[in-house]
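Values below: all heavy atoms of this structure, side chains included; hydrogens, waters and symmetry mates excluded.
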Amino acid sequence: MNLPVHLENEKFEPITAYVQEVNKNFGSSAASVMIIHNNRIVLEQYHGFHHHKKGSPAVSDQSQFNIYSTRKTYVCLAMAMAALEKNIPLTTPVHKIINELGERELGHQTLSDLATATGPEYFGEQRIEREGVQGFVVKALTGKVISEYLYEKILNPLGMKGTEWASIPHQSLVCDYTSSDTFALVRLESSDGHERNLYSSTRDLAAWGYLHLNKGTIRGTQIIPNNLFNLTEELKAQYQNKRILGWYHQKDWYYATGAAGCHCVVLPQHNAVGIRMLNKYTSNYKDDQVAFNGLLLQCLSQ
């Protein structure tokens, strides 16, 4: 994503102050913020270190944060795109597509149910997560795991080299603080694409939000098929007040947030995307999401 930079630090000072405040109050060691407005980067800042111990790397544009549940926007997109490519309706029962689980374990669960987080979160005796089931669907329809499919379709074409399903440690990964003992953690799991190990740089998550803001088109190229956004509107009408393809939709924005504080909000009426990264779990993120989104809306409305 090569957008022009026209920093408006004074206009967005309330956002900067808020990010610094929650970074301190939540006990995060790392924070960043980036805002895209009218196809320009108008704010980009990095604060703190990858963990609290001496010798930790400073946060930079190369730092990759674990985005946790924000990853659901990637997982759901992969499944929906794969279904659209094969002309498979999202009303199709999942057990008719995959072999790993049958009708006894899946019941009447449809692709639409998976795409809207409707119904059980876990399936079968092994308690396979909803995202794992979506991974089975993508593999059945494309022959690829989620990460391979998204690298091919989106991440590589857009040069998103700061997005990674981490399976080995390296210096760019920001540690998380997800437990009360303040133990620093880097979450390493399978690179298949459905687990809680999706790390993203601030710029890459901004590019992800910007891609959605522009309904899948970047520099005149349709990266995400337009019919996916038609599908989003259909699902919004059918599944009201549900998370749609990983996003929470509200009047002025739609957004996704992860457990450690990584947040992406898209404001279509203002042609804007806001990103805020943290690395500390807190139970206060519901209020925090509303506060950040509302403050950004105020700044954009000036």
Indicate whether any N or O donor in one side chain lies under 3.5 Å from an N or O acceptor in the other, for [X] and [Y].
{"X": "Trp208", "Y": "Thr73", "result": "yes"}
{"X": "Asn279", "Y": "Ser29", "result": "yes"}
{"X": "Gln62", "Y": "Ser172", "result": "no"}
{"X": "His170", "Y": "Glu164", "result": "yes"}

Check Thr178 against Tyr281 and note the closest heavy-atom contact, atom names and distance.
-> CA-CB, 3.8 Å

Can any side-chain N or O of Arg71 pair as donor or acceptor with the backbone N or O of Glu195 at less than 3.5 Å?
-> yes

Is the side chain of Gln109 donor-acceptor paired with the backbone N or O of Thr118 at a distance under 3.5 Å, no angle test?
-> yes

Is a salt bridge present between [X] and [Y], judged by a nitrogen-to-oxygen distance below 4.0 Å?
{"X": "Lys96", "Y": "Glu103", "result": "no"}
{"X": "Glu129", "Y": "Arg196", "result": "yes"}
{"X": "Lys11", "Y": "Glu13", "result": "no"}

For the hydrophobic clusters of this structure (ILVMFWY residues joined by side-chain heavy atoms under 4.5 Å, transitively), does one cluster hold both Phe136 and Phe123?
-> yes

Does Leu188 sit in a hydrophobic cluster with other residues, and if so which ones, taking ILVMFWY side chains as linked at heavy-atom separations under 4.5 Å, directly or through other members?
-> Leu173, Val186, Tyr199

Val22: hydrophobic cluster co-members (side-chain, 4.5 Å) | Phe12, Ile15, Tyr18, Val19, Phe26, Val33, Ile35, Val42, Leu43, Tyr248, Trp253, Tyr255, Val265, Leu267, Leu278, Tyr285, Phe292, Leu295, Leu296, Leu297, Leu300

May I have all residue pairs that pass salt bridge (Lys or Arg N to Asp or Glu O under 4.0 Å) and include part of residues 280-302, sequence neighbours excluded?
-> Arg276-Asp288

Met81 versus Lys153: any side-chain heavy-atom pair under 4.5 Å?
-> yes

